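Quick notes on the structure that follows.
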Amino acid sequence: MAFEVKIVAGSYEQISFGYRVCRDGEDWTSKPDFTHHAHTACLSAVASNQRYIATGSKDETIQLYDMKKKIEQGALLHHDGTISCLEFYGTSHLLSGGEDGLMCVWRTKKWECLKTIKAHKGHLSSLSVHPSGKLALTVGTDKTLRTWNLTDGRSAFIKNLKQSADIVKWSPEGDKYVVVSNDKIDVYNLETATVTATITNPKRISSVKFIQNTCLGVAGDDETIRLFDLSSEKCVCEFKAHGNRVKSLEGFTVDDFYVVVTASNDGFIKLWKLQMEKNPEPPKLLLEVNTAARLTCLTVFKAAEDSEPTEETPQPASSSQQVIEDLPLPSKNKRVRIVTEEVVLEECSPKKVKKAVNKKKHQ
């Protein structure tokens, strides 16, 4: 049975690359789908849902692409500084963070900015949305980890960290999250907001991806990908993926195995077949593509199979119906304090959001 996804990568050379990856039985093939030079500085973030791809750059803009209609949707010009992170929630919303410390919530139907939140005093380094869509976590250079109630856009908890964190990410089941600082990974339990495990990588970490709810893929400033079991805090598998440092790590599930997608400064995008067993063996290389560019970020795009995505309804519907009170927020202790007065919430008028309206053919 044929299977198809698209791999989109950003580069230092200001270009985004798109490749169509197909699987027919045991055969995997790739074909160039597009290259696009929409930014005037290197790309720093890329994200996708079932219809759109968003790219962020040091040129302070977010470029949007409608993959269904094959057109450029326009640009969002709301941040004042590098776009540090982008994340879609289902088909209805996009969240963006930047060096200006802002977290913005966008509605994909009309690309209006619903909320602008002053999330951090310094740069906002990373954000992650809970699977329910009701909570978000952010980390920044002000050495804080912040929990946000997305129903009203206000701060729920603020936790002081010993050093600035680079990455924060929820687990697929939403019962835990990881905070990455340099070469260290702290695993937090949602109910208690305490560290349940600490993992140290040999090199500074550039990207993490949950392979399973208790298995974390880690890429760093070397050529090796490592898989860590969060329960035992041990590395269960490692393999040399590239000839240079790995910048981004993504993946998706096919049948009974997992496909790890890696992008590196050496210009290659590679796909690896990983059999998820008790002690996973080093994965098999499925295919590789040489972009001849220094890659910085990566996403996997898979179009909706049945019909056009319903942009007004977050997915999954069962999770979106869950109210914020049903989620176990971090318990109050000496390491957690509530500082709601530090949060600046602005309801953005249409005049404050600049949006490109000209649509061009998607290249």
Side-chain angles (χ1 to χ4, degrees), residues 5-11 14-19 33-100 102-116 124-129 133 136 138 150 169 207 247-248 250 261 263 295-304 308-309 311-312 314-315 348 353-360 362-363:
V5 297
K6 293 182 181 180
I7 309 297
V8 181
S11 66
Q14 309 170 7
I15 298 174
S16 56
F17 300 88
Y19 292 90
D33 192 46
F34 66 87
T35 58
H36 198 53
H37 193 171
H39 292 282
T40 58
C42 72
L43 275 74
S44 52
V46 60
S48 62
N49 63 6
Q50 292 181 316
R51 177 164 180 176
Y52 297 104
I53 290 175
T55 59
S57 168
K58 288 188 175 181
D59 64 9
E60 306 180 0
T61 70
I62 302 170
Q63 297 287 341
L64 304 169
Y65 313 94
D66 188 327
M67 299 297 286
K68 180 180 175 64
K69 297 181 179 179
K70 298 290 185 180
I71 61 172
E72 185 181 49
Q73 189 76 10
L76 305 178
L77 313 174
H78 197 67
H79 286 279
D80 183 16
T82 298
I83 309 301
S84 56
C85 47
L86 296 168
E87 183 169 325
F88 280 96
Y89 175 70
T91 58
S92 59
H93 294 85
L94 170 70
L95 279 76
S96 62
E99 288 188 350
D100 52 7
L102 297 181
M103 178 173 65
C104 299
V105 182
W106 308 85
R107 192 200 306 274
T108 61
K109 185 177 182 180
K110 295 183 179 180
W111 292 111
E112 57 184 331
C113 185
L114 300 178
K115 292 185 185 296
T116 300
L124 194 161
S125 304
S126 177
L127 65 85
S128 184
V129 183
T138 62
L150 292 181
K169 191 174 288 291
S207 181
K247 290 293 292 183
S248 189
E250 282 293 336
V261 187
L295 303 178
T296 58
C297 49
L298 179 74
T299 189
V300 176
F301 171 84
K302 189 174 186 299
E308 181 177 337
E311 297 169 339
E312 294 180 283
Q315 298 292 333
C348 294
V353 183
K354 302 176 184 178
K355 182 170 60 175
V357 296
N358 295 329
K359 297 184 179 180
K360 301 184 295 183
H362 189 72
Q363 300 180 10

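As the structure is a computational prediction, the values presented were derived from the model and not from experiment.
Residues V129 and F88 form no side-chain contact, since every pair of their non-hydrogen atoms from C-beta on lies 4.5 Å or further apart. The side-chain heavy atoms of D33 and Y19, taken from C-beta on, include no pair separated by under 4.5 Å. Here the side chains of H93 and L114 are in contact, with some heavy-atom distance below 4.5 Å.
T82 approaches E60 most closely through the heavy-atom pair N-CG, 4.3 Å. L298 approaches E250 most closely through the heavy-atom pair O-CG, 3.7 Å. A pairwise comparison of heavy atoms in S125 and C85 identifies O-SG, 4.2 Å as the closest pair. The two residues G133 and L150 come nearest to each other via the heavy atoms O-CD1, 3.6 Å. Closest approach of T91 to Q50, counting heavy atoms only: CG2-OE1, 3.8 Å.
In this structure, E72 CD and H36 NE2 are separated by 4.0 Å, a value rounded to the nearest 0.5 Å. Note that the CH2 atom of W111 and the CD atom of Q73 stand 7.0 Å from one another [nearest 0.5 Å].
Under the rule for a side chain to side chain contact (heavy atoms under 4.5 Å, CB included), the partners of S96 that lie at least two apart in sequence or sit in another chain are I62, H79, L86, C104, W106. Take E87 and apply the side-chain hydrogen bond (donor to acceptor under 3.5 Å, both in side chains) test, not counting sequence neighbours, and it matches no residue. Under the side chain to side chain contact (heavy atoms under 4.5 Å, CB included) criterion, Q14 pairs with H37, not counting sequence neighbours. Qualifying salt bridge (Lys or Arg N to Asp or Glu O under 4.0 Å) partners for K169, counting only residues two or more places apart in sequence or in other chains: none. Looking at residues two or more places apart in sequence or on another chain, you find no side-chain hydrogen bond (donor to acceptor under 3.5 Å, both in side chains) involving K58.
T108 places a side-chain N or O within 3.5 Å of a backbone atom of S92 that can act as its donor or acceptor partner.
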Show me the donor-acceptor pairs within less than 3.5 Å that the side chains of residues 38-49 make with the rest of the protein, sequence neighbours left out.
residue : atom : partner : partner atom : Å
H39     : ND1  : D59     : OD1          : 3.3
H39     : ND1  : D59     : OD2          : 3.1
H39     : ND1  : T61     : OG1          : 3.3
H39     : NE2  : T55     : OG1          : 2.8
S44     : OG   : G56     : O            : 3.4
S44     : OG   : I83     : O            : 2.4
S48     : OG   : T299    : OG1          : 2.9
S48     : OG   : V300    : O            : 3.0
N49     : OD1  : R51     : N            : 2.9
N49     : OD1  : Y52     : N            : 2.7
N49     : ND2  : G90     : O            : 3.3

Stepwise, does the side chain to side chain contact (heavy atoms under 4.5 Å, CB included) test hold for Y89 with V105? CA-CA 10 Å; Y89 175 70; V105 182; over 6 Å; no
